[in-house]
Colleague: 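For reference, the structure I am asking about is given below.
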Amino acid sequence: MSMQGVQNEEKIELDKEEQRAVRKRSMTLLGSIIRPVRNRLWGSLFLVIGSQGLRVSMPFLMAVAIDTALPAAIKGNLEPLWAVSGAYLIAAVVSSALIAFFVRYAARINQDIMFALRGRLFRHTQKLSVQFHETYTSGRVISRQTNDLDSIMELLNSGGNEMIAGLLYMIFAAIALILLDAPSFGIMVISFIPLWFLTRWFQKMTRLNYRKTRVASAKQIVHFVETMTGIRAVKAFRKERANEEKFGELVEDYRSVNAKVIQLFGIYDPGLILIGQVTTAFILLYGGLRVMEGTLGVGVMMAAMLYARRFYDPMEQLAMFYNSFQSANSGLEKISGVLQEEPSVADPAEPVEVSDSKGHIEFDGVRFSYGDGKEVLHEFSLDIPAGQTIALVGTTGAGKSTLAKLVSRFYDPTTGIVRLDGVNLRDIRDEDLRNAIVMVTQEAYLFSGSVADNIALGKPGATIDEIRDAARAVGADEFIMALPDGYDTDVNKRGGRVSAGQRQLISFARAFIASPRVLILDEATASLDIPSERLVQHGLKTLLAGRTAIIIAHRLSTVSIADRVLVMEHGRIIEDDTPAKLIAGTGKFAKMHKAWRDSLV
């Protein structure tokens with residue numbers, strides 16, 4: 001089973017090949033975010049090496065004080081005791097200062113890493129094609145930007161520092177114990193056997209359960225986002241109770257899998273403590289016997305016990321780190337999957353300039369299928385001369401919107417070519433294509449900000465006069481001026497302060513101020529009332545003059561301004577002529593027009 005990109009990201013148990021693929025892409029991502037700060041990381045490593053080296057020297061200095069300096073002091077020679085005490089004090093102060101500097105220095109590096117990763121994920125998600133966003137829900141995107149990134153940040157801010165310091169202390173303590181008393185180190189080596197089996201079990205179980213937590217968390221967020229974005233439908237159909245029950249089930253799943261992770265840690269941490277205590281007890285027993293025999297100094301025995309005991313102290317911290325690491329690793333797997341995705345509609349390697357576009361659209365032997373493989377548009381060719389207004393009509397699912405998406409290059413045809421002024425759309429830079437072709441959809445999305453800000457999206461830097469001219473052209477100026485602050489009125493989230501029809505008129509003004517050569521209206525008048533629709537149609541007659549336009553509409557009143565009508569059915573164009581000729585005929589459009597006219601009576 002493929003683990004490329006976000007495919008099968010909810011799969012919990014992976015075989016060896018899948019684990020290898022996921023680990024490889026995660027490590028590649030990790031390497032790419034660390035590479036820019038690697039020199040600074042080396043600097044922080046030197047700081048922590050110095051601090052841990054000084055910490056490890058302290059038990060050794062205590063052994064020297066007990067076995068050498070104190071006997072000398074008893075005999076009246078205080079110099080060794082003063083020297084050892086001074087060395088101990090200096091080691092303690094310098095070690096603490098280095099650790100303090102290391103923590104602050106590492107925190108800056110961690111924040112820079114997170115800043116770069118968060119921006120990279122956001123930029124990449126925006127860059128991905130419409131096809132990705134139509135299948136990968138916004139809730140999952142939010143989960144990647146919140147929970148998954150937060151787990152990585154938690155690892156860097158706390159676990160990472162503790163892990164580096166703890167590992168270095170363990171290494172230095174082991175070296176010091178070998179040099180100080182090799183037999184005691186041998187006892188500690190024996191303890192590694194149960195430690196290895198315990199850690200291996202913990203590693204396997206937590207990896208599996210942390211994947212479950214990431215999946216359960218994402219499902220929670222997806223359900224929450226869907227509920228909140230569709231809150232009007234939820235209230236209209238009294239779906240609150242059903243949503244609460246579903247959310248309760250998801251929360252329970254999340255709680256359950258987190259409880260299992262905590263239970264695993266509840267076994268691992270006491271296990272580490274037990275192994276450490278038993279090891280220290282054996283070192284005490286064996287060391288005590290040798291002290292009684294006179295073959296080992298008391299100070300050395302005490303230092304050996306401190307090294308053994310402190311060797312296991314960082315292991316408890318490492319258990320905490322591993323807990324954070326598994327959570328962050330699961331988040332890294334999900335993020336790396338998203339970043340591995342490539343736009344299905346990519347910018348050309350060698351773009352062709354179309355700065356002076358006329359708006360001539362051609363379909364040459366085009367077929368199209370979505371991801372499921374079912375053919376939506378059967379092979380066809382179509383020529384739309386520059387400046388012509390085309391109306392696409394037909395039943396739901398006939399392929400009208402799909403045809404429009406091909407013109408906008410939200411998708412590329414499965415076979416065949418779509419051209420703008422004789423240039424394959426695949427050869428046109430995305431920025432140039434968006435300047436030449438603009439689509440207005442039925443769902444008029446307004447961003448937070450003022451009315452003027454939303455209209456100016458079509459032409460960044462537009463003056464207020466240009467904005468008002470565009471609004472007048474589509475008949476929006478009158479209602480905008482009636483708003484509390486006119487063009488400065490904040491439309492609120494998703495345009496909540498204006499009606500559906502008003503949002504559509506604002507989106508029309510936004511499209512018209514962009515002055516594209518090709519304008520696509522995908523059922524864009526569906527939410528307008530009759531007076532607003534007539535006002536918009538009046539504006540369209542002026543604004544579409546000399547501009548190619550493709551109008552998709554169920555309302556046949558919109559067709560009256562078209563030069564040509566295409567009737568679509570089951571992914572095929574079955575009629576193609578002027579509105580007058582089609583109405584005068586006996587085909588499908590004539591029947592549709594008659595039924596619409598009879599409905600007005």
Side-chain angles (χ1 to χ4, degrees), residues 115 118-130 133-134 137-139 141-142 144-146 221 224-233 408 410 430-431 433-516 519-529 532 535-536 539-540 543:
F115 179 81
R118 199 177 294 276
R120 179 176 172 183
L121 179 60
F122 183 79
R123 287 191 301 273
H124 186 79
T125 308
Q126 279 200 123
K127 187 176 72 174
L128 291 174
S129 305
V130 172
H133 292 284
E134 287 184 344
T137 62
S138 58
V141 173
I142 293 170
R144 302 294 84 86
Q145 271 282 0
T146 53
I221 294 173
F224 180 83
V225 171
E226 287 179 350
T227 300
M228 295 303 109
T229 54
I231 192 65
R232 291 183 179 86
S408 299
F410 290 161
D430 185 68
E431 183 180 353
L433 188 66
R434 300 302 159 216
N435 288 333
I437 301 174
V438 169
M439 175 184 281
V440 180
T441 62
Q442 181 177 353
E443 183 186 2
Y445 195 99
L446 299 186
F447 296 88
S448 297
S450 68
V451 173
D453 291 338
N454 272 275
I455 296 176
L457 285 173
K459 184 182 179 181
T463 65
I464 188 61
D465 290 334
E466 290 175 315
I467 292 170
R468 291 200 63 176
D469 287 343
R472 288 192 193 99
V474 298
D477 181 68
E478 184 177 347
F479 89 79
I480 292 174
M481 292 303 295
L483 293 172
D485 298 311
Y487 282 83
D488 293 326
T489 302
D490 190 337
V491 296
N492 207 353
K493 184 180 70 173
R494 302 188 71 184
R497 287 186 177 175
V498 292
S499 69
Q502 290 171 337
R503 287 200 303 272
Q504 195 63 276
L505 288 171
I506 292 172
S507 71
F508 272 32
R510 180 167 62 198
F512 295 145
I513 199 173
S515 190
L519 182 64
I520 301 171
L521 306 180
D522 188 358
E523 299 188 29
T525 61
S527 60
L528 301 180
D529 55 26
S532 296
L535 196 61
V536 169
L540 286 174
L543 290 164

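What you see below is based on every heavy atom in this structure, not just the backbone, and it leaves out hydrogens, waters and symmetry mates.
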Colleague: For the residue pair Gln145 and Arg118, what are the closest heavy atoms and their distance?
Modeller: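 Heavy atoms only, the tightest pair is O-NH1, 3.0 Å.
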Colleague: Quick one: closest heavy-atom pair of Arg503 and Leu446, and the distance?
Modeller: CG-CD1, 3.7 Å
Colleague: Should the pair Arg472-Asp469 be classified as a salt bridge under the 4.0 Å nitrogen-to-oxygen rule?
Modeller: yes
Colleague: What closest approach, in Å, do Val491 and Phe447 show between heavy atoms, and which atom pair accounts for it?
Modeller: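 Looking at all heavy atoms of both residues, the closest pair is CG2-O, 3.3 Å.
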Colleague: Might you point out which heavy atoms bring Ala436 and Pro516 nearest each other, and give the distance in Å?
Modeller: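 Result for this residue pair: O-CB, 3.5 Å.
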Colleague: Using modelled atom types and a 3.5 Å cut-off, is there a donor and acceptor pairing between side-chain atoms of Arg434 and backbone atoms of Ser408?
Modeller: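 It does hold such a pair.
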Colleague: Working note: Phe512 + Val438, criterion side-chain contact (heavy atoms from CB on, under 4.5 Å); need CA distance, chi angles, decisive distance, verdict.
Modeller: CA-CA 9 Å; Phe512 295 145; Val438 169; over 6 Å; no
Colleague: With a 4.5 Å cut-off on side-chain heavy atoms, are Thr125 and Leu121 touching?
Modeller: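 Yes, at least one pair of side-chain atoms sits under 4.5 Å.
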Colleague: For residues 479-488, which side-chain N or O atoms pair as donor and acceptor with protein atoms under 3.5 Å away, sequence neighbours left out?
Modeller:
| residue | atom | partner | partner atom | Å |
| --- | --- | --- | --- | --- |
| Tyr487 | OH | Asp477 | OD1 | 2.5 |

Colleague: Which heavy atom in Ile455 sits nearest to a heavy atom in Ile513, and how many Å separate them?
Modeller: O-CG2, 3.3 Å
Colleague: Restricting to non-hydrogen atoms, name the atom on Ala470 and the atom on Ala509 that form the minimum distance, rounded to 0.1 Å.
Modeller: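 Between these two residues, the closest heavy atoms are CB-O, 3.8 Å.
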